[in-house]
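In this text, all values refer to a predicted model and were calculated from it rather than measured experimentally. The sequence lines fix the lettering, A, B, ..., with proteins before strands; numbering per chain opens at 1.
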Amino acid sequence: MYKIWAIFRKDLIIEFRTKDSLTSMLFFGIVVLVIFNFALGSLHETIRSAVPGVLWVAFTFSGTLGLNRLFAAEKENGCLQGLLMIPADRGAIYLGKMLASFIFMLIAEAVIFIIGLVLFNLTVWAEIPYLLLVFVIGTLGFSAVGTLLSAIAVNTRLREVLLPLMLFPVILPILISAVEATDIILNAADYRALKLPLTIMTAFTILFGTISCLLFERVLEE
Amino acid sequence: MYKIWAIFRKDLIIEFRTKDSLTSMLFFGIVVLVIFNFALGSLHETIRSAVPGVLWVAFTFSGTLGLNRLFAAEKENGCLQGLLMIPADRGAIYLGKMLASFIFMLIAEAVIFIIGLVLFNLTVWAEIPYLLLVFVIGTLGFSAVGTLLSAIAVNTRLREVLLPLMLFPVILPILISAVEATDIILNAADYRALKLPLTIMTAFTILFGTISCLLFERVLEE
Amino acid sequence: MIEVRNLAKHFGRFSALRNLNLTVSDGDFISLFGKNGAGKTTLLRILAGLSRPSSGELYIKPSRQAPSRFIRGRIGYLSHDTSLYMDLTALENLRFYARLMDVPANAPALSERMKQVGLSGRERDPVRSFSRGMQQRLAIARAFLHDPDILLLDEPFTGLDSSGGDFFKDYLASARAGGKTCIMAIHDFRLGYEIADRLVVINGGTIALDIPKSSLNYEQFHEKLKHLLA
Amino acid sequence: MIEVRNLAKHFGRFSALRNLNLTVSDGDFISLFGKNGAGKTTLLRILAGLSRPSSGELYIKPSRQAPSRFIRGRIGYLSHDTSLYMDLTALENLRFYARLMDVPANAPALSERMKQVGLSGRERDPVRSFSRGMQQRLAIARAFLHDPDILLLDEPFTGLDSSGGDFFKDYLASARAGGKTCIMAIHDFRLGYEIADRLVVINGGTIALDIPKSSLNYEQFHEKLKHLLA
Amino acid sequence: MSEKSQPRMDIVLGLILFVGMPVALYMALIGAPTEKTMGDLQRIFYFHVPAAITGLTAFALNFVASLMYLLRKNRWWDSLALGSAELGILFFGMVLITGPIWAKPVWLVWWTWSPRLTASFILCLLYAAYLLIRKSFEDPDRKAVIAAVFGVIAFIDAPLVWFSIRWWRDIHPSPMLETGGLAPSMRPALGICVAAFLILFLYLLRRRFYLETMRNKVEWMMRRIDEV
Ligand code: HEM
Ligand SMILES: Nc1ncnc2c1ncn2[C@@H]1O[C@H](COP(=O)(O)OP(=O)(O)OP(=O)(O)O)[C@@H](O)[C@H]1O
Ligand SMILES: Nc1ncnc2c1ncn2[C@@H]1O[C@H](COP(=O)(O)OP(=O)(O)OP(=O)(O)O)[C@@H](O)[C@H]1O
Ligand SMILES: [Mg+2]
Ligand SMILES: [Mg+2]
């Protein structure tokens, strides 16, 4: 348990020192927003219906970037090799890394979301708890699969290509549900419709979390 | 002169072998398109006016990615250091790298554009020469500044953040003109209006190219 | 005890190891010699469980298979790479690995380690700013934090200055006195002969010589090795 | 001729070099000794023009400033890093650098180079699949493709096996016979003494000893160095 | 070497195909009745649907083989997984080609993001990624493990993709085979085409398998040559 924590903490310290992942995650996310805004400049009245999609594009981009970096950092000096030699369940490495990517993504999402609000002129005080729920579940699912897949990708030559290539199709159900749920929250008032996408997201997250945790041991090994 | 060519050729061989930059450039570009398409799914009639912006977002993203990789590859074993020791004008390094990024971007843009046509249901046979002109000038400007800035960024710790952070504001005039020009070609029939954006793009490209070539020597050096 | 039977490792059509047999008893101190590309690193990585053999059997007491979680805690592997995080300080690196290896991770204990490898005073500097030899020192401190029973060393003296080399020789001597097992890939004939009590030469991916040190004096050994690796 | 006057290099509040003076005549063969972190690499990088001194003057005949394009063509720098592209084959690496260094880049000439460093037969394998020593051999071939007048060597024997070491010693001997200048950072006292004709010790970022080899025999030198670096 | 290059089973399958394919073609292009509204255009149906069925079968087989590999660590399963993934992409590629060809005249667009089309596209992407993973590992054992892991995830993902996009209205017709809406006169042709495609799949799979074993053997022999 505290090993999970140790791995998480280490990523946090490195991040705190270099500000590498978070800044680039934020930056890409914000750029997506800004350019979307710019591209949709002429369609101001319809913008609200595009916001959920735009937000999740931004989240996905920044998340993929973050995941890539989180494992690339382990490669630099053969650090992953050091990790593989520790006398601990490799599940601990998985959970530690997943926790780190989850937290980083949530932070990035929060900032991106706030900037999105400003850019798109939205006010959403009442909806925040619901949005939070959707963001947390969606991000959890994302980092559950993402961590496994980036552990696969990091050992290949095509690392930076392979991660999105594997991740996006796999993550699509959760992404679509998340966009749908966000859309319902922002644009429709009928919160009962939330049930379906939220169920799908949750089922997906649990399913992939379990599978990933089980398969992780097989995957980590050079 | 043949040194420029040697540097370009080397990047080409590496690319051919790993398919690293191009695949990831393409992938990100296409993903931008697809997700835009999703996000704008409900606005089918207005989509055509958003296409130029969307295209250039995709180009910019994939280009930034490509630039980052092109210089990151030089860092791996201190290869940049090897390059710095060669008895040649450092302008040759600049031009070789610029050529490589220019060609990679053009290839990526061509593919992204074709996929964009399919996704957005456009037919543009007659407009292709004009579009090609805009793409070539825009890309030239992009890689002229981009190469300089990524040479700066690669030596910093915050490499992947710094490049877009510096590049996007600098590139904005070219980007806006390019979107403008593409919009005119795709949506308005009056090609005379092309003159202004094209002039701006060309002027910026020449300006940036000259300045970058002059400043490059100062920048490369650890 | 480590037992390797009929080990082979192929990379595509290239065989890095083939038909390799080796039995290491507890307490053996082995120097592993071999030309560049002979397969020393490949063998050590397989023994450390970081790479899977293409065929053959690997048996590390008490488990009859690739090193499990329990075995991993008994192995200390010092590779060509340092396994250090460049953006953490020296102390943070040690603390991180100490936590993962179930070793006391308090600052005094770790500072003591730093002192042993001659890095005291640089605890709070990021590893990125360390010179090559300083990184190697820290890598040594890291790899043996958990006082492993089996030492797998891949050219451990790389980059060390004379005092660093002396320290590490002392460390190995005390490990030997403590009954540890050690396999060390090394190019320096004299140093390798001096430290080991068993001399193994790997050539063309298989064991070409495997003798106790007592059977040859240095000059004879040097002659023989020169001849083998010519 | 290389002349260094009052050189200093600071990293933040830390001085890696300070008050360093050194004059190297054409044809000097210098072994540079020093503890880990003494500043050897820092000095070599400055001499190679890869790093800017914080203060002081650097003078490499005939230009009174940091190495210009002309000077760069006369320097061969072998660093801790190999400067090789992992995804290119050995031959492609050499060909690339040969083109940039205005050296014939035809396959036979380059294969000859590969053969010299004992890598013939591996020309078409990607460098990523090379063992450490093989990479070092290729790095040597690369760094001296253009037959430079001034050799700056940073622990060049790292990872080389005995035949690789012998080859490189021969190479240095013939370079010396050809009147080249060489500055080599090295930790192995015996080897450094053997190769050089001038012995320089750097300590605490400044020159602590600078004597011709003829002034001390090996035992005296060893004593002195042990004492200096204690 | 004792093995014949054409095991008897393959010869039999080959013969069946040699006869069956022309029959299937005849049934599809001439034998089956012409559809009322779409005319001859509808005959794409006899390629589109069998290809889809075969492709899905192949992916399912890949899932089973991947799972078995993870449990049994037997290289046989890995070869099976590889072969079925490649053929799955091949057949599904046919769906993705015949579909748009059909769609352009019927729906007036090449492509829309309707649920089934999206799901098909994603499925193809997943297995393209699967093949890419296989290409980017060199160590055969590692490759097999990683590919199996991804094979499992990919197939579990497929139904999820399917359901998660259900709430969009779908321009793609719902499968009439299930609802029994297919005209009885079209059934024999469809049946024969499906059978022919499945046999073709089986045949190609066996050949692919054979190729893989040959490759391993050649590699082994090359190593022996190097050793001598
Ligand atoms: C899982 C994949 C697919 C399956 C199982 C499938 C199956 C079918 C079936 C059974 C029909 C006949 C429906 C009928 O007329 O009774 C059909 C029709 C059709 N399919 Fe697909 N299909 C798949 C993917 C695609 C794709 C990717 C496209 C691409 C555009 C496509 C385009 C069409 C078109 C245009 C028709 C004719 C629609 C019409 O009659 O209006 N299908 N498909
Ligand atoms: N990933 C790989 N792909 C292909 N070939 C490899 C790979 N790793 C190692 N080899 C080859 O295997 C052989 C043995 O390599 P290894 O690193 O074990 O040598 P070594 O004995 O450690 O050499 P050195 O003394 O130079 O460190 C070499 O010929 C090398 O080219
Ligand atoms: N980029 C840097 N930032 C901060 N300090 C640095 C940096 N580079 C080197 N140093 C410090 O400068 C000193 C000299 O380093 P240098 O690499 O020159 O040592 P060296 O003599 O080559 O040692 P070694 O024998 O270990 O290779 C070291 O204490 C090192 O920590
Ligand atoms: Mg080795
Ligand atoms: Mg050094």
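- Between the side chain of N36(D) and the main chain of M134(C), no donor-acceptor pair closer than 3.5 Å is present.
- Neither the backbone nor the side chain of D125(D) comes within contact range of chain C, judged by heavy atoms closer than 4.5 Å.
- Of the listed residues G165(C), A16(C), S131(C), the one with more heavy-atom pairs under 4.5 angstrom with chain D than any other is S131(C).
- Only the side chain of K226(D) has a heavy atom closer than 4.5 Å to any heavy atom of chain C.
- Contact of F14(D) with chain C is made through the side chain alone, with heavy-atom distances under 4.5 Å.
- No other option in S163(C), G159(C), S129(C), G164(C) has as many heavy-atom pairs under 4.5 Å with chain D as G159(C).
- The neighbour count for E223(C) CD, taken as heavy atoms of other residues, nucleotides or ligands under 6.0 Å away, does not exceed 12.
- Between H80(D) atom NE2 and R132(C) atom CZ the span is 5.0 Å, to the nearest 0.5 Å.
- Heavy atoms closer than 4.5 Å to chain C are found in the side chain of T158(D), but not in its backbone.
- Looking only at side-chain heavy atoms (C-beta outward), F189(D) and S162(C) come within less than 4.5 Å of each other.
- A 6.0 Å sphere centred on NZ of K169(D) holds more than 12 heavy atoms belonging to other residues, nucleotides or ligands.
- No part of F130(D) comes within reach of chain C, as not one of its non-hydrogen atoms sits under 4.5 angstrom from that chain.
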